[in-house]
6 protein chains.
Amino acid sequence: MFHHVKELQFNARVSRPDPKFARLLLEQFGGSNGELKAAMQYFVQAFSCRYPYPDKYDLLMDIATEEFSHLEIVGATIQMLLSGMNGELKDNSDESEIMKLLDGKAAKEDFIHEAIVNPQFGVLSGGGPTLTDSNGTPWTAAYVNANGDLSVDLRSNIAAESRAKIVYEYLMKFTDDPAVRETLRFLMTREIAHYQMFEAALATIQPNFPPGVLQGDPRFSNLYYNMSNGPQVRGPWNDGSSTQLGETWQYIEDPVGQVLDTNGLTELSPTGTFRTEEEVARLNESLGRQRSEEIARATREIDMQWSTYTKDGGSIVDET
Amino acid sequence: MFHHVKELQFNARVSRPDPKFARLLLEQFGGSNGELKAAMQYFVQAFSCRYPYPDKYDLLMDIATEEFSHLEIVGATIQMLLSGMNGELKDNSDESEIMKLLDGKAAKEDFIHEAIVNPQFGVLSGGGPTLTDSNGTPWTAAYVNANGDLSVDLRSNIAAESRAKIVYEYLMKFTDDPAVRETLRFLMTREIAHYQMFEAALATIQPNFPPGVLQGDPRFSNLYYNMSNGPQVRGPWNDGSSTQLGETWQYIEDPVGQVLDTNGLTELSPTGTFRTEEEVARLNESLGRQRSEEIARATREIDMQWSTYTKDGGSIVDET
Amino acid sequence: MFHHVKELQFNARVSRPDPKFARLLLEQFGGSNGELKAAMQYFVQAFSCRYPYPDKYDLLMDIATEEFSHLEIVGATIQMLLSGMNGELKDNSDESEIMKLLDGKAAKEDFIHEAIVNPQFGVLSGGGPTLTDSNGTPWTAAYVNANGDLSVDLRSNIAAESRAKIVYEYLMKFTDDPAVRETLRFLMTREIAHYQMFEAALATIQPNFPPGVLQGDPRFSNLYYNMSNGPQVRGPWNDGSSTQLGETWQYIEDPVGQVLDTNGLTELSPTGTFRTEEEVARLNESLGRQRSEEIARATREIDMQWSTYTKDGGSIVDET
Amino acid sequence: MFHHVKELQFNARVSRPDPKFARLLLEQFGGSNGELKAAMQYFVQAFSCRYPYPDKYDLLMDIATEEFSHLEIVGATIQMLLSGMNGELKDNSDESEIMKLLDGKAAKEDFIHEAIVNPQFGVLSGGGPTLTDSNGTPWTAAYVNANGDLSVDLRSNIAAESRAKIVYEYLMKFTDDPAVRETLRFLMTREIAHYQMFEAALATIQPNFPPGVLQGDPRFSNLYYNMSNGPQVRGPWNDGSSTQLGETWQYIEDPVGQVLDTNGLTELSPTGTFRTEEEVARLNESLGRQRSEEIARATREIDMQWSTYTKDGGSIVDET
Amino acid sequence: MFHHVKELQFNARVSRPDPKFARLLLEQFGGSNGELKAAMQYFVQAFSCRYPYPDKYDLLMDIATEEFSHLEIVGATIQMLLSGMNGELKDNSDESEIMKLLDGKAAKEDFIHEAIVNPQFGVLSGGGPTLTDSNGTPWTAAYVNANGDLSVDLRSNIAAESRAKIVYEYLMKFTDDPAVRETLRFLMTREIAHYQMFEAALATIQPNFPPGVLQGDPRFSNLYYNMSNGPQVRGPWNDGSSTQLGETWQYIEDPVGQVLDTNGLTELSPTGTFRTEEEVARLNESLGRQRSEEIARATREIDMQWSTYTKDGGSIVDET
Amino acid sequence: MFHHVKELQFNARVSRPDPKFARLLLEQFGGSNGELKAAMQYFVQAFSCRYPYPDKYDLLMDIATEEFSHLEIVGATIQMLLSGMNGELKDNSDESEIMKLLDGKAAKEDFIHEAIVNPQFGVLSGGGPTLTDSNGTPWTAAYVNANGDLSVDLRSNIAAESRAKIVYEYLMKFTDDPAVRETLRFLMTREIAHYQMFEAALATIQPNFPPGVLQGDPRFSNLYYNMSNGPQVRGPWNDGSSTQLGETWQYIEDPVGQVLDTNGLTELSPTGTFRTEEEVARLNESLGRQRSEEIARATREIDMQWSTYTKDGGSIVDET
């Protein structure tokens, strides 16, 4: 259940209306890396770890709830940046701002120009925020990543926080309103905080590489395919040891040749690795069993009920 | 700011897993008339009435918050209906349910068939809810209606509640799990309650017809165009008086003839109405001024700040 | 079957080209509350009442057909507002308007600026209307609501007409071309007329509340959940009697407390209502049977044929 | 203006309900090559040729209107294929089909299985057509092609008719209901007829290649780039003369070599063609001027009015 | 397998940054008729003719690969047109261009105005191309047509090339940068070349009309329905012989009358054609068998393997 | 420029057709985490680092090209899994598989049931892959993340590889065809390899935290907001030191209280951190200048030309 507190988490203010910046700021309201995306991503992910991983459930719901609170801050700021437009749209008297403007061609041009910065502020939403990105594209759940595996979901979240952070950084270039900049800086900083929370949570899952359960095939996990012409460009991503498995990168300079020589890679042998098929099979089974049991045990206990009402009304966290 | 309470608003339970019904229930999770649509619609509408109409702001945010809470109930129910799938997907041991099934062709067919009821439960979300409708189409903000005018927005909400209600009604036909039906009935009933709240709120706005500020042209507001062949079908929608303006319906049996005779309706005179152009002009101006002033007065006071922190920390509602 | 009459339903004119307003007007051509949305919504709804409710079928198809006719008016107006652009795009001579402009940097800037008001007018549609909203988002059937129940669909239509009305009202602020304003006013007024037609049609369905067939649970239909902090805001939506069922609103000041105390609302008793479970069950059954029979009777008669050709060639309306 | 005739253009019938085929048939109702796509494509294209090319306007509007009429036939067929579902969804009595089924587990499974063929038939549209494709994706204007140039638009239409034809051909494989097959065959045949109409119209535009006005650069218009490995595959598309310009195909066996040798193709000379830069420039200018004047002349005459009301009420076609 | 060559197929250059034109050019990067659409359309079509029609597979993959190469040219050009923006967004020093601008109100207005030409260049992509059209709508696979029948797919491609050509033609009007115009002209010309390649390939398929296999019903293939009012407009599309079947057009002046007289066209007899039902049935069967066998023979041979590795490593083309 | 090699990178085979698994596999062809998403994401990101960071450009284009090659493998596998369907759809003879099936009701049911696993295989694509996810939703560029900053983009890629990996892991549960499993395992393993390449590349950028340039506000970067009720859940994400900045987590047990006490956080002082405003300002400026100069220097040199043709035809990598 959610509860709404009328005060904003941060005391958002604006110095003056600015419809142009309001349009840019939509990117964080209904955009691909905006606050709604973040809130919905963590909220949807939370369902599958409610029982097996109640600590992660708590983390995801706390941050999801904070992101909803940020969505409210962004919406409030957009509304204030559009201040006056809503009332103006309702005024039909001869003395209205618009009526006067219509007498003067140039003034009217200005007014209309301002309005069509984002036409929908003028003709659809009546001077309020729209659930779109800065180009007017409606928010879509295609932005949300939730794959039912924490070693994947937490990585999706680290990346999502990185993107949200850079969008706030870019936005700060486009306003010199100190009140707005203060709010943006608060929001940007929170993405930095969340990033580190998700990273810490990921570290508590061991092993967490590769993401999921299945190990990679030792024949293919350390090959770098040089798919372009030109001189070899070498770096730690294709030279030396790989970051997680510690295998030796094999730089395949001529992928077509290798593919043809190995019957489409089916006759390739592993090189530069100590991992074996036997070890992989063993890991696949043991890790799979462990993760599967964690979930089975936790969800078996719940007797198909989400909350703890019929037991003792206490928090589910107590029981874990 | 939002706060999360771990207990659900309603004690949602399921008697047994049922992936097929889980798919149907997605219609209320990420569908066009589902809980997210409702929550976001009222949330977005609330911004433009925060100051001018704090009572309506309170109403919209209360119901938006309840709809978020319902979204959580629906998601939890889907998760329970998919119970077991998440753990099963992780199990790689030879004794796993799936491995055993793969030995038996028929059993495997069953398993896969069950899975592809909604393929994404199996291969994308790992056995959790997806933010899509029952056909897998991602949720889009194109479902949300918010037009910055309460006499319009409240009507959008009455219709939205009607649609959400009928979808729950339909859903109840497709499960005989008494626990699930109990939850669905609670959710369906809340739509009935919300409907009446929005209707009562609309009635406090006077006049509220036509929606918005501008009056209709008396020449065109009481014409019924018979655009089809066949005998005349008459009913109170084209016979007698119109519901709100009380004008006498004019049934235009031959629209093409009328259009040609009146130079494309530009030479038509009003009939069956007492409304005049003068009255319309007067109403347009007075109502426009009134609504515009309400907004201007309220938003001027706020000095471009959303919450009331720097004043006395009290609730904004106190001040109205 | 449809027939096209080359004359527009209203004699649409423009005083001069105006690409900026053409962009705004797209909101009513391919936007979420535009004419195509209205036309398709009523058209799709009509299918399920063709036989059981031929009078409503007639109403829906008449208005759908009028909305198609309005779509044509809006498209024609946009085309005229873009007048000249199409020809200009084809001219490659040295004396073309564009070639001359390219000599003068400032002039060219103007030309391009004008063009990118909506880039697709210049580079995609060749100076004609595009089936998008004013921000260039393509029209989507996600805008259309059709739920196969007239007590729901007619309410969706009342709300749709309200939104279309306010968008025309907003649009009238952004042009002072008297010819265009005259057309917009005609179109706006027709939404007011359609609103009342749908309202009258809804009133002929009795009972029509709650929408659909199933009654609400008496325990939950009159609760108002105060989901926000701050002082109580009371109004007819949570104080006194509910608008349709006449139950007494129960204001739940502390929803979390109530939920915890009632085992997740499962142990709540109805208060403030005379409705009982028995009455609800009786109504559910009798109304369900009645509506079901209306449909079964009508559709059984038709022998799986849509039109009446093989019988006597007469109108289906005769038979009802 | 449009007019609706209640009789269908073709006497659509079904022998028995078939929800599965109803789902497949949605591909022609709200799918990417369906009837709505066709209707809207020709309708939108028509606007830009209303005055300069009234004969093509007539053609486009006639076929658009016929496609709307086909959309109605497809919708009616889907409604009949779903016959019974709508009434069943309303029946709450103990004797309802569904209630009885719920007693028998297997029977219920069947019922639900049938329903979830397309979940939205059951839980969203109440047993009527939805404006989606056969997978439930909402129709989008992204399907519509209209580029404001008849030599392009007519080719788009020829291709659109080809796709609509093959979809009907595929659909006929999935039903053996003779009544439905008869309707599908009628609709399929009409696409064949329309194809030839658009082809004939295109032939009246001379020259019509290349589409639009600008001629191609003689250096690049007859090159075939062999972008794949393996032996040369030669055919009339890279051997002999090109179909429209009659240039000799130049087969570039080693595109990378050519590109490097010619400084990124900037130092290439035309070969295998008689076309010259001078001729191209002359054609560009003369054809551009001709097309531009056709449009300018026609649209200048209309004095910014779409229909002919204020002149003599006659048809616009008379004047051409 | 693909290989990347770092040099562009054409030596794309720009004379100076131009964010406005960069926005327009997005139409060919992520727009409905842009290079990605073309590349993906031919790539997806290629799969179903890999074995039965290896020459067409080669053609489709060659052109698909060239279109990917064009996508790269367009993206590179957009990146160069946005040159400087990316670095500027990173500069936080007091001497940064932006910081200085913020001191001067007018200058800042200019900067921001430039930026919001396409807000996402500034706040989302950091000064690089976005995979959207010129209005910011994300690319969607709804643009792609692939129907598994070459007589259809090649026609879709001819139309797609026509649209891509006209969009380049329009784009050339909006820049006078000679370097950019040179690139656009190269790209435009290649569409003209591809058009003729697809046309030549279509001609090798005989018969290729109607598209697909099934013949049209002789009763309906030569009817022209006059669906509009006004005088008869006659042209080769409804007068004389049809383009492909050579039937005599039957102009149905009064479609409603014909429909009513023929019991919804079910009692119509063929006129103006020599085609008979018998001939149609024979053609349907023989052509169906032929096409079906071509595919069956080719795909049977491949033993469910795509490439030729296990045989002799040679090209699949050798074997056909 | 791209080049196509007809052999697949991996020798993809199938043991037998399996339309059901073909549908599931679409998730990796046109789904949100599929191969096209990966290919396009890296391809689009590459543009902005072509000159400033040629080593990263090489990495991104190599992996993008490999992902295109994987897209081809997935498409080929789907085509083989659908083997037979395309030919069958063309066969109209009385002896066709379908015709025979239509005689037997049960057999036909089976055929149709198989077909409607994914209706579009049957009625749209003619038995080939569609560019959709496993539910039929068309691929959209909304899946692609490219933000013009390598410290962000590489993190987006690490997450993208994680998601692609888990989807292959899930898919392997749903087939026991050893040939298909072998291909899936190859593809899954390559995601593991790519993950480590992106991670190694990120490590070469120093500092790389926070992503982008701007440092976080020391007042807000180490606060954990407990936004839920219930007992405190503590873990390394809100207890001890933060992962990257090494600040001490401040657990805010009562966020509402803190917000009200600090005037909406505007009067909060930093605690648990050694970072100061001065240090932050200095870092912001120095890092901003450094990154800005890297880009400015590199892009200034290129004289608005993408490739190196006019210089010496050598690879751009030579010059760095």
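In what follows, chains carry the letters A, B, and so on, assigned in the order in which the sequence lines appear, proteins first and then strands, with residues in each chain numbered from 1. In this text the structure is predicted, and so the values were computed from the model without any measurement.
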Between Trp139(C), Phe10(C), Phe47(C), which has the largest tally of heavy atom pairs under 4.5 Å with chain D?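 Top option by heavy-atom pairs under 4.5 Å: Phe47(C).
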
Between Asp62(C), Leu214(C), Leu81(C), Thr137(C), which has the largest tally of heavy atom pairs under 4.5 Å with chain D? Leu214(C)

Do [X] side-chain atoms and [Y] backbone N/O form a donor-acceptor pair below 3.5 Å?
{"X": "Asn86(C)", "Y": "Ile295(D)", "answer": "no"}
{"X": "Ser69(D)", "Y": "Phe2(C)", "answer": "yes"}
{"X": "Thr140(C)", "Y": "Thr140(D)", "answer": "no"}

Using 0.5 Å steps for rounding, measure from the CG atom of Leu89(C) to the CG atom of Asn147(D).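 Rounded to the nearest 0.5 Å, the CG-CG separation comes out at 11.5 Å.
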
Rounded distance [0.5 Å steps], CG in Leu60(D) versus NE2 in His4(C):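 Output value for this atom pair is 11.5 Å.
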
[X] side chain near [Y] side chain, heavy-atom distance below 4.5 Å:
{"X": "Lys6(D)", "Y": "Thr308(C)", "value": "no"}
{"X": "Gln79(D)", "Y": "Ser48(C)", "value": "yes"}
{"X": "Arg13(C)", "Y": "Met304(D)", "value": "no"}
{"X": "Gln305(C)", "Y": "Val14(D)", "value": "no"}

Need one label for [X]: side chain, backbone, both or neither, based on atoms under 4.5 Å from any heavy atom in chain D.
{"X": "Phe43(C)", "result": "side chain"}
{"X": "Ala146(C)", "result": "backbone"}
{"X": "Leu36(C)", "result": "side chain"}
{"X": "Glu72(C)", "result": "both"}

Taking all non-hydrogen atoms of both residues, which atom of [X] and which atom of [Y] are closest, and how far apart?
{"X": "Pro138(C)", "Y": "Ala141(D)", "result": "CB-CB, 4.0 Å"}
{"X": "Trp306(C)", "Y": "Ala76(D)", "result": "CD2-CB, 3.3 Å"}
{"X": "Lys90(C)", "Y": "Ser292(D)", "result": "CB-N, 4.3 Å"}

Verdict with reasoning, Met40(D) to Leu71(C), per side chain to side chain contact (heavy atoms under 4.5 Å, CB included): CA-CA 11 Å; Met40(D) 292 311 301; Leu71(C) 183 69; 4.0 Å; yes

Criterion side chain to side chain contact (heavy atoms under 4.5 Å, CB included) on Met1(D) and Leu8(C), from CA distance to verdict: CA-CA 5 Å; Met1(D) 190 174 0; Leu8(C) 295 178; over 6 Å; no

Could you tabulate the donor-acceptor pairs under 3.5 Å formed by side-chain atoms of residues 122-132 of chain C, not counting sequence neighbours?
unit_1: Ser125(C); atom_1: OG; unit_2: Gln120(C); atom_2: O; d: 3.4
unit_1: Ser125(C); atom_1: OG; unit_2: Gly128(C); atom_2: N; d: 3.3
unit_1: Ser125(C); atom_1: OG; unit_2: Gly128(C); atom_2: O; d: 2.7
unit_1: Thr130(C); atom_1: OG1; unit_2: Thr132(C); atom_2: OG1; d: 3.1

Contact class of Tyr143(D) relative to chain C, heavy atoms under 4.5 angstrom: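 Contact with chain C is absent: no heavy atom of Tyr143(D) under 4.5 Å.
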
Quick one: of Pro17(D), Ala179(D), Gly148(D), Ser15(D), who has the most non-hydrogen atom pairs under 4.5 Å with chain C?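 Of the candidates given, the most pairs with chain C belong to Gly148(D).
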
